[in-house]
Amino acid sequence: MIKKYIQRFYLLFIIILLYAPIITLMALSFNSSKSRARWGGFTAKWYVRLFQDDQIMTALYTTLEIALLSALIATVLGTAGAIGIHALRRKYRTFMMGVTNIPMLNADIVTGISLMLLFIAFRFSLGFSTILIAHITFNLPYVILSVMPRLKQTNISTYEAALDLGASPLYAFFKVVFPDILPGVSSGFLLAFTMSLDDFVITHFTKGPGVDTLSTKIYSEVRKGIRPEIYALSTIMFLSVLLLLILVNIAPDEKEDRKRILSAATVKRHKISRFLLRKVVPAAMVVIITIGGIFYSTKADRLGGANQVIVYNWGEYLDPAAIELFEEETGIDVVYEEYETNEIMYPKIQSGAIAYDVVCPSDYMIERMIENDLLAEINFDNVPNIKNIGDVYMEQSRQFDPNNKYSVPYLWGTVGILYNKTMVDEPIDSWSVLWDEKYKDSILMQDSVRDAFGVALKYLGYSLNSTDLDELTAAQKLLIEQKPLVQAYVVDQVRDKMIGNEAAIGVIYSGEAIYTQLENPDLEYVIPKEGSNIWIDSLVIPKNAKHKENAEAFINFVCRPEIAKMNFDFITYSIPNEGGRALIEEPELRNSKIAFPDAKELERCETFKFLGDENDAVYNKLWREVKSR
């Protein structure tokens, strides 16, 4: 009896482990709040918005298209390759199998970087075709591995007998050999399709502008958090697979019907059921997917035109409606691609493999790009709306763009402390609270080397751009002392954790703080008295841009007051556009001390500067030591 209960408990435990995340995801797809930490009521609006979101739907169909094409091509080539290897002498066959297996044992990041460098060396333009070639390449070994065991089981004598009877080699192969190896070919195709569908790393390194798969699309949105539309899409995909499995399993089995004595009417009914459930319904699903793919692919097929602008921006950092409006007004097609960190963006610009027209780096990265001669000077005659950018922000930009020749401020903000007024004993005004033991396991720190060291350095009274080894060592010691008090090192998760009252204190960007306050009125944001980081993300034009005038037209458009206001409504990050700020209707937002702090508060703040590769290496080394303790 006890053994039976243990078995049932174990089975239940495994089912919970497998399906609890999926059930959670499905529940979130019906949550009217964008936050994962707060239930805002039941809604189906995310499903409606999903099908209205061209970027997500295009990414979905691109994923399916690449997976299907790469799996088909890899299956044909892999099967032919397996037959060729099987025909070799044993020692050569063993050698070739070893060579074939190496890519499967290789790290994906090595394969991805190698393929990217190969494409760059041969002057391939990164895009759909390079992703497809890359997927075919890493799928081939899996197909060969699946087909080879079936070839070993085939009887060569049967094939030779067919030839002796006058059959052509091709006819004999398809009539004698292929039926025997078909299970291996099928499993190879399914394995290749699954591997391609699931890939991120290799796709990330071989994709070009305007081409996203679901994995790269989701990853690019990490900074702002995963959108509920993705939960809706995941729910639909899961339910579609579940429906197919149910249909296949509930359809009457033909072999079982043969074993039983059934009336003619019952046999006919079972035949119809099998036809409907196993053929008609799956075929209808394929037709719907195909039609959807054609529809969204025609809307996304913009690469290669002369009248376009290729924009490379942070994830969810521009209102899609603004892009549509720009295209309508100018007739210029916008190819929009997203990234998640400055450090991921920079190598792509540096390599020159992709000619982006507009990029949105942060302050210190702009300084680095200027030093390395990667940016073109902007012709401000084509950007008259620069007049809407406040003088204070243009002056602040001089810290990283001394003559304001290369950049136009786009969004800005500060780094500060977000705290829950119901979970702390007193108002907070200093970084010192992050080392207060009474808040142990209730403190959230930014999982970023510069942000974390910036906090410690400012608390110690040093510059957050310090390169003095003694000062950096003192900051490291402080961060190590703090580590037992920290609940988690996070990036975008701080938003949901604070909204859900999972922590009392968190280091956060001001733009995220505005959103959290709208969701949870108990939260308060402060710039500590020791000072902090004021960051500016600006629009720049890379030196190898192919559509410079279009880029300047895009920058000028974004500097229009109504567009700046539209962006503020969309992402709640502070805008440097004075005209746009004046258009914000709600006084509490227009005059928000979080979004637009007083100049006196900003006097204590610094922008990050590029410290040089050697100093970056020192920072990273010290941070790794903090995280490894």
Side-chain angles (χ1 to χ4, degrees), residues 54-55 58-59 62 116 119-120 125-128 130-131 203-213 215-224 300 302-305 308-320 322-323 326-327 332-370 372-376 378 383 400-401 406-411 535-559 567 570-571 573:
D54 291 346
Q55 290 186 6
T58 300
T62 300
M116 180 186 71
F119 293 140
I120 292 172
S125 295
L126 297 182
F128 183 91
T130 52
I131 299 176
T203 304
H204 174 75
F205 284 103
T206 57
K207 80 183 194 73
V211 182
D212 261 315
T213 61
S215 58
T216 59
K217 177 64 180 171
I218 293 169
Y219 188 62
S220 68
E221 295 181 355
V222 167
R223 189 183 190 225
K224 288 286 289 179
R302 294 172 178 164
L303 284 178
Q308 64 176 353
V309 60
I310 303 176
V311 181
Y312 198 25
N313 202 354
W314 296 90
E316 207 173 343
Y317 220 44
L318 177 63
D319 191 340
I323 295 176
F326 174 78
E327 290 176 330
I332 299 171
D333 288 329
V334 177
V335 179
Y336 195 79
E337 188 175 0
E338 299 172 337
Y339 59 89
E340 55 281 354
T341 69
N342 284 295
E343 286 66 33
I344 286 175
M345 172 276 298
Y346 180 79
K348 283 196 172 184
I349 303 300
Q350 186 185 40
S351 70
I354 303 170
Y356 293 106
D357 299 313
V358 179
V359 187
C360 187
S362 300
D363 32 46
Y364 71 96
M365 190 56 71
I366 294 173
E367 185 177 9
R368 183 180 185 183
M369 295 169 84
I370 292 172
N372 290 299
D373 196 28
L374 296 176
L375 300 182
I378 297 173
V383 191
F400 52 87
D401 181 5
Y406 298 97
S407 62
V408 174
Y410 173 61
L411 293 174
W535 54 266
I536 300 177
D537 289 345
S538 299
L539 299 173
V540 300
I541 301 176
K543 207 160 192 176
N544 66 338
K546 293 181 179 178
H547 313 97
K548 189 170 183 289
E549 288 189 5
N550 287 353
E552 288 164 348
F554 182 83
I555 293 172
N556 188 56
F557 174 83
V558 171
C559 288
N567 259 340
F570 180 69
I571 55 179
Y573 272 63

Nearest heavy-atom approach of I323 to L318 is CG1-CD2, 3.6 Å
Do the non-hydrogen side-chain atoms of T62 and I131 ever get within less than 4.5 Å of each other? no
query = Can you check whether V334's main-chain N or O pairs, donor with acceptor, with E327's side chain at less than 3.5 Å?
reply = yes
Open item on the list: With heavy-atom distances below 4.5 Å as the criterion, would you say the side chains of F205 and P347 are in contact?
Closed with: no
Exactly one candidate in I555, L539, V358 meets side-chain contact (heavy atoms from CB on, under 4.5 Å) with Y410; the answer is L539
dist S407:OG -> M365:CE (nearest 0.5 Å) comes out at 14.0 Å
Margin query: Can a donor-acceptor pair be found, under 3.5 Å and without considering hydrogens, that links the side chain of T216 to the backbone of H204?
Written below: no
(message) For D537 and Y317, which I'm curious about, is there any donor-acceptor pair between the side chains at under 3.5 Å?
(response) yes
In this structure, CD of E337 is separated from OH of Y356 (nearest 0.5 Å) by 3.5 Å
Practice item. Begin with the C-alpha distance, continue with both residues' side-chain angles, and end with the deciding distance and a verdict on side chain to side chain contact (heavy atoms under 4.5 Å, CB included) for N342 and R368. Key: CA-CA 11 Å; N342 284 295; R368 183 180 185 183; over 6 Å; no
Would you say the side chain of N550 lies within less than 4.5 Å of the side chain of Q308, judging by non-hydrogen atoms? no
- Query: Just wondering, are more than 12 heavy atoms of other shown residues or ligands nearer than 6.0 Å to CD in Q350?
  - Reply: yes
Minimal heavy-atom distance between K217 and D212, with the atoms involved, is N-OD1, 3.8 Å
One should read off an interatomic distance between D357 CG and F554 CZ, to the nearest 0.5 angstrom, of 10.5 Å
When rounded to the nearest 0.5 Å, the distance separating NZ of K348 from CG of L126 is 7.5 Å
Rounding to 0.5 Å, atoms CD1 (I541) and CG (L374) come to a distance of 14.0 Å
Indicate yes or no: at least one non-hydrogen side-chain atom of W314 is less than 4.5 angstrom from one of C360. yes
message = Is the shortest side-chain heavy-atom distance between S538 and D401 below 4.5 Å?
response = no
Rounding to 0.5 Å, atoms CG (L375) and CG (N544) come to a distance of 10.0 Å
Shortest non-hydrogen pair, F326 vs V309, comes out as CE2-CG1, 4.0 Å
For Y346, the ring pair (Phe, Tyr, Trp, His ring centres under 6.0 Å) test, sequence neighbours excluded, returns none
